[in-house]
Amino acid sequence: MTHSADFLRGIPIGTRVVARYLLPDGSATDALGELRERDAVSVVIETRRGLQRVGLATVIAAKAVPPPPRPR
């Protein structure tokens, strides 16, 4: 398991994160939002588009991010 997957396994639920992960075709995409759930093989991130389940084995990078900017 990658260091990034270990990071997602250890941070508190509710933390705002971005996770880059691989799609089945080999391309990568990001999930940006609050960490809502996790189990032994995946995490659920609440994004603007809804809940995204991300397999930990597909994660190639992840980090905590600050809250979104306030509307002007």
Side-chain angles (χ1 to χ4, degrees):
M1 184 161 304
T2 67
H3 174 71
S4 297
D6 289 339
F7 167 76
L8 290 172
R9 295 180 99 184
I11 61 171
I13 297 295
T15 302
R16 188 163 188 261
V17 298
V18 61
R20 176 157 292 175
Y21 62 99
L22 296 174
L23 297 172
D25 68 2
S27 64
T29 191
D30 294 335
L32 170 65
E34 290 188 12
L35 182 64
R36 291 295 180 205
E37 298 176 31
R38 84 174 134 234
D39 58 30
V41 296
S42 65
V43 293
V44 175
I45 299 171
E46 184 175 1
T47 71
R48 287 185 185 180
R49 295 182 305 268
L51 297 175
Q52 286 186 261
R53 184 170 296 274
V54 177
L56 290 170
T58 67
V59 174
I60 56 175
K63 66 179 182 178
V65 293
R70 293 183 179 177
R72 293 182 179 207

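Predicted model only: the values in this text are computed from it and were never measured.
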Heavy-atom distance under 4.5 Å between the side chains of [X] and [Y], does that happen here?
X	Y	answer
Glu34	Thr15	no
Arg72	Arg70	no
Val44	Leu51	yes
Val43	Arg53	no
Val59	Val54	yes

### Task
Please report the C-alpha distance between Arg16 and Leu32 in whole Å, then the side-chain angles of each, then the deciding distance to 0.1 Å, and finally whether the side chain to side chain contact (heavy atoms under 4.5 Å, CB included) criterion is met.
CA-CA 7 Å; Arg16 188 163 188 261; Leu32 170 65; 3.8 Å; yes

### Query
Which heavy atom in Ser4 sits nearest to a heavy atom in Ala62, and how many Å separate them?
OG-N, 3.4 Å

#### Entry: For Ser27 against Asp25, the heavy-atom pair lying closest together
OG-OD1, 2.6 Å

### Message
Working to the nearest 0.5 angstrom, can you tell me the gap between Tyr21 OH and Ile60 CD1?
### Response
11.0 Å

### Approximate separation, where rounding is to 0.5 Å, of Arg9 CZ and Asp39 CG
9.0 Å

### Task
Tell me whether Ile13 is reachable from Leu56 by hopping between hydrophobic residues (I, L, V, M, F, W, Y) whose side-chain heavy atoms are closer than 4.5 Å.
yes

### Task
Spell out, yes or no, whether Val41 and Ile45 are grouped together once hydrophobic residues are joined by side-chain heavy atoms under 4.5 Å, including indirect joins.
no

### Task
Show your working on side chain to side chain contact (heavy atoms under 4.5 Å, CB included) between Arg38 and Ile11 and close with a plain yes or no.
CA-CA 10 Å; Arg38 84 174 134 234; Ile11 61 171; 4.3 Å; yes

### Query
Which residues pass the side-chain hydrogen bond (donor to acceptor under 3.5 Å, both in side chains) test with Arg49, sequence neighbours left out?
Gln52

